[in-house]
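These values consider heavy atoms only, across backbone and side chains, with no hydrogens, waters or symmetry-generated copies. Chain identifiers are assigned alphabetically (A, B, ...) following the order of the sequence lines, protein sequences preceding nucleic acid strands; residue numbering begins at 1 within each chain.
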Amino acid sequence: MKKLINAPDAVVGEALLGMEAAHPELVVDHELQIIYRGDAPVAGKVGVISGGGSGHEPMHGGYVGMGMLDAACPGAVFTSPTPDQMLAATKKVDAGRGVLHVVKNYTGDIMNFEMAAELAVAEGIEVKSVITNDDVAVEDSLYTAGRRGVGVTVLLEKTVGAAAEQGRSLDELAALGEKVNSNGRSMGMALTSCIVPAAGSPTFDLGDDEMEIGIGIHGEPGRYREPRGTAAEIAERILAPVVGDFPLQRGDTVLAFVNGMGGTPLLELYLMYGEIAKLLDARGIQIGRSLVGNYITSLEMAGCSVTLLRLDDELTELWDAPVNTPGLRWGV
Amino acid sequence: MAAVRLHSLQAWLREFAKLIAENKDYLTQLDSAIGDADHGINMDRGMRAVVTVLDNEEFTRVADLFNKVGMTLVSSVGGAAGPLYGTYFLRFGINAGDVAELNAARLGEAFLAGLEGVVARGKPEPGDKTMFDAMAPATSAYNAAIDSGHELAGALQQARAAAEQGRDDTIPMLAKKGRASYLGERSIGHQDPGATSTALLFAAAAAALP
């Protein structure tokens with residue numbers, strides 16, 4: 001294992017030290033491992049927090065700041081954070097109007113946030129949760145833990161965060177979160193595996209000439225393992241199930257998000273975006289907004305995912321609203 | 001009939017921590033086949049935290065001991081295993097109550113309360129390929145043995161054997177909960193890591209409690 005680390009067990013804690021040093025506008029609780037925006041709690045605003053395993057940076061800590069999250073709780077690499085973290089974050093960001101938990105649909109995340117919400121409610125704080133489950137690679141939700149939360153989580157944290165800045169209520173934000181989730185779909189693919197520092201060896205084996213279509217962000221297996229294809233072939237392979245699942249209609253407008261898994265150069269991501277744009281154009285689907293880059297990663301995995309969010313005026317306006325975080329910043 | 005005292009319950013937890021540490025890489029290897037390759041790492045981190053608590057704090061009541069153990073696991077394990085094992089020990093302690101020892105029948109009730117906590121938290125069905133598939137048969141075997149007049153040691157041996165059988169029975173199962181469920185058919189043929197750590201829990205009980 002070759003990594004820029006000192007000790008496998010210290011990776012998350014030491015990364016938080018660096019995060020604090022690089023972003024003095026954030027406040028880091030090193031004992032509980034929580035990243036706060038410096039001015040939390042923000043008077044008159046519903047608090048919005050999220051959290052999840054580390055290894056997906058910039059998600060979630062990189063999305064803490066004006067226009068997105070009030071706090072993020074990182075867990076160990078690929079492991080859900082714990083209820084004591086979410087409870088402390090919930091209490092600190094509550095300005096009296098309640099707190100929204102943004103939770104990705106994984107068994108561990110759901111259970112830990114559920115315990116935290118129970119504890120927070122017992123302390124008199126109003127909490128609602130919105131769950132993202134946009135990964136269409138999971139086919140039969142009846143017999144699985146359900147679709148995984150992936151790329152839509154980033155778009156949801158941006159749009160719901162913007163709405164929270166406008167002063168919307170907890171109920172309105174929860175409803176908006178549902179709307180974003182139900183209008184978004186994703187699918188990913190991997191060219192290589194990744195190494196969890198504490199494990200020291202690749203999470204799964206993938207031959208030099210193979211790719212995994214429908215991969216999860218923790219290396220969960222996808223729908224198919226097949227010989228690797230060209231970018232054009234891969235684009236069709238991951239876009240078709242996404243478009244088909246809505247299904248999107250000719251004339252729909254989307255935010256097209258091509259995300260890198262961490263080990264793929266931006267050069268290739270833009271090449272993929274070009275392929276995706278061509279395929280959307282051929283289907284008569286308009287691209288209203290775009291996002292290209294590494295925003296929800298899987299350590300050093302090579303590969304990408306594509307997320308489409310069906311846009312209306314409300315979501316477009318919330319997407320364009322100012323944001324000031326380490327991971328996304330515009331309009332400020 | 002022999003009663004289980006606090007120091008025996010602490011020995012159970014220490015033995016569980018030891019077995020988890022010894023099997024840390026094995027559990028992680030099982031988890032990398034059908035999950036996310038962290039079960040051994042996370043359980044070892046949690047049980048080491050539990051041992052630190054046992055080394056540093058005095059307990060006089062079963063409820064207090066297991067409340068502390070449950071909260072320690074909830075705050076140190078993460079993943080799904082943290083809330084599940086945490087809830088198990090929290091409910092075990094609440095059921096055991098404000099006492100300094102448990103007789104064999106009361107121990108069985110506490111095992112059952114822990115199991116019910118896991119069901120409430122994770123909503124597993126039998127055959128979903130989870131820790132429930134080792135925990136439920138072990139709990140039933142223990143209580144059936146006590147009901148039919150077995151001594152504590154014999155009942156714990158039956159619980160251990162049932163947990164190990166339940167663990168082995170997860171191999172041909174199709175996973176329907178947790179990350180393994182994303183594999184669908186490909187989860188068949190792999191032993192469930194959660195059922196494996198639960199078999200260690202009952203092996204530790206059989207070794208340390210009588």
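Side-chain atoms of E57(B) do not come within 3.5 Å of backbone N or O of L54(B) as any donor-acceptor pair. One N or O on the side chain of D134(A) and one on the backbone of G151(A) form a donor-acceptor pair closer than 3.5 Å. A donor-acceptor pair under 3.5 Å is absent between the side-chain atoms of T87(B) and the main chain of L84(B), judged by distance alone.
Classification of R228(A) and E210(A) as a salt-bridged pair fails, no side-chain N sitting under 4.0 Å from a carboxylate O.
Relative to the six-membered ring of Y36(A), K92(A) meets both conditions, a distance below 6.0 Å and an angle of at most 45° to the axis.
Ranking V74(B), D25(B), N42(B), L183(B) against chain A, the residue ahead of the rest is V74(B), based on heavy-atom pairs under 4.5 Å. When G75(A), P83(A), P202(A), G214(A) are compared by the number of non-hydrogen pairs under 4.5 Å with chain B, P83(A) comes out ahead. No other option in A180(B), G178(B), S32(B) has as many heavy-atom pairs under 4.5 Å with chain A as G178(B).
Neither the backbone nor the side chain of Q33(A) comes within contact range of chain B; no heavy atom of the residue lies under 4.5 Å from a heavy atom of that chain. For A199(A), the parts sitting under 4.5 Å from any heavy atom of chain B are the backbone and the side chain alike. Proximity to chain B (any heavy atom under 4.5 Å) is restricted, for N105(A), to the backbone atoms N, CA, C and O. Of the atoms belonging to D84(A), it is side-chain heavy atoms, and not backbone ones, that fall under 4.5 Å from chain B.
Between the side chains of T198(B) and Y85(B), at least one donor N or O lies within less than 3.5 Å of an accepting N or O.
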